[in-house]
Amino acid sequence: MTSVSGSEDLFDCILMADDRFHGEGFQEGFKEGTRQGMVEGKNHGATHGAKLSAEVSFYYGFAFTWKCLLQNNTDAKARKRLKTLESLTGFIQRFPHYDPQYENLQEDMEKVRAKFRQVCSLLNVPTDFREYVTASEGMSF
């Protein structure tokens with residue numbers, strides 16, 4: 001009986017090898033997929049973070065420049081423009097730049113973009129951020 005039992009264990013081992021190798025392959029694949037997913041996620045986040053940072057930096061530089069240009073004007077339109085520009089710069093300065101898990105990022109970015117469009121409307125300048133970026137690419141110093 002022991003020889004029959006030993007042969008049954010041998011057959012069970014052979015028959016169950018497929019399941020065992022399938023499980024081991026799954027675990028190896030899961031670990032590798034998780035590792036690659038983390039790398040791709042980090043790269044994706046860095047790319048989109050850089051784009052968002054460039055956009056916010058542009059808005060801040062735009063507002064700061066216009067504030068410098070308008071600060072000596074005393075008419076009512078200039079005061080209204082300055083107030084709106086200060087509102088935009090203040091909102092950008094309060095923006096949580098160093099919190100990668102900020103929950104209201106999308107909503108606050110929409111508010112910044114809306115304020116930028118309002119400023120552009122008051123200043124009678126185009127509102128497309130990409131136009132300013134592509135125009136500056138051709139410059140060299």
- Task: Work out which heavy atom in C120 is nearest to a heavy atom in P126; give both atom names and the distance.
- Result: SG-O, 3.7 Å
- Query: Residues two or more places apart in sequence or in another chain: which of them pass ring pair (Phe, Tyr, Trp, His ring centres under 6.0 Å) with H48?
  - Reply: H44
- Message: To check you understand the geometry: which heavy-atom pair defines the closest contact between Y59 and L88, and what is its length?
- Response: O-CD2, 4.2 Å
- Linking I/L/V/M/F/W/Y whenever any side-chain heavy atoms sit under 4.5 Å apart, do V56 and F64 land together? no
- In this structure, CD of E28 is separated from CZ of F21 (nearest 0.5 Å) by 10.5 Å
- Which value, rounded to the nearest 0.5 Å, describes the distance between T84 atom OG1 and K115 atom NZ? 6.0 Å
- Indicate yes or no for a side-chain donor-acceptor contact from T65 to the backbone of G61 under 3.5 Å, with no hydrogens or angles considered. yes
- Taking every heavy atom of Y102 against every heavy atom of L105, the minimum-distance pair comes out as CD2-N, 3.4 Å
- Message: Closer than 3.5 angstrom, by distance alone: can the side chain of T89 be matched with the main-chain N or O of L85 as a donor-acceptor pair?
- Response: yes
- Message: Using a 3.5 Å distance criterion without hydrogens, assess whether the side chain of R81 forms a donor-acceptor pair with backbone atoms of L123.
- Response: no
- Using modelled atom types only, decide if a donor and an acceptor are shared between the side chain of R35 and the backbone of K31 within a distance under 3.5 Å. no
- Message: I need the minimum non-hydrogen distance between L70 and L82, along with the two atoms involved.
- Response: O-CD1, 3.5 Å
- Query: Honestly curious: do V119 and F95 fall in one hydrophobic cluster under the side-chain, below-4.5 Å linking rule?
  - Reply: yes
- Task: Report yes or no: does D99 contribute a side-chain atom to a donor-acceptor pair with the main-chain N or O of Q101 at less than 3.5 Å?
- Result: yes
- Query: For W66 and V125, which heavy atoms make the closest approach, and how far apart are they?
  - Reply: CZ2-CG1, 4.0 Å
- Do the non-hydrogen side-chain atoms of E110 and E107 ever get within less than 4.5 Å of each other? no
- Query: Where the side chain of T34 meets the backbone of F30, is there a donor-acceptor pair that is under 3.5 Å apart?
  - Reply: yes
- Mark yes when over 12 heavy atoms from residues, nucleotides or ligands other than Q93 sit less than 6.0 Å from its CD; otherwise mark no. yes
- Item | Note: R20-E24 ion pair, threshold 4.0 Å (strictly below) | yes
- Message: For the CD atom of Q27 and the NE2 atom of H22, what is their distance to the nearest 0.5 Å?
- Response: 10.5 Å
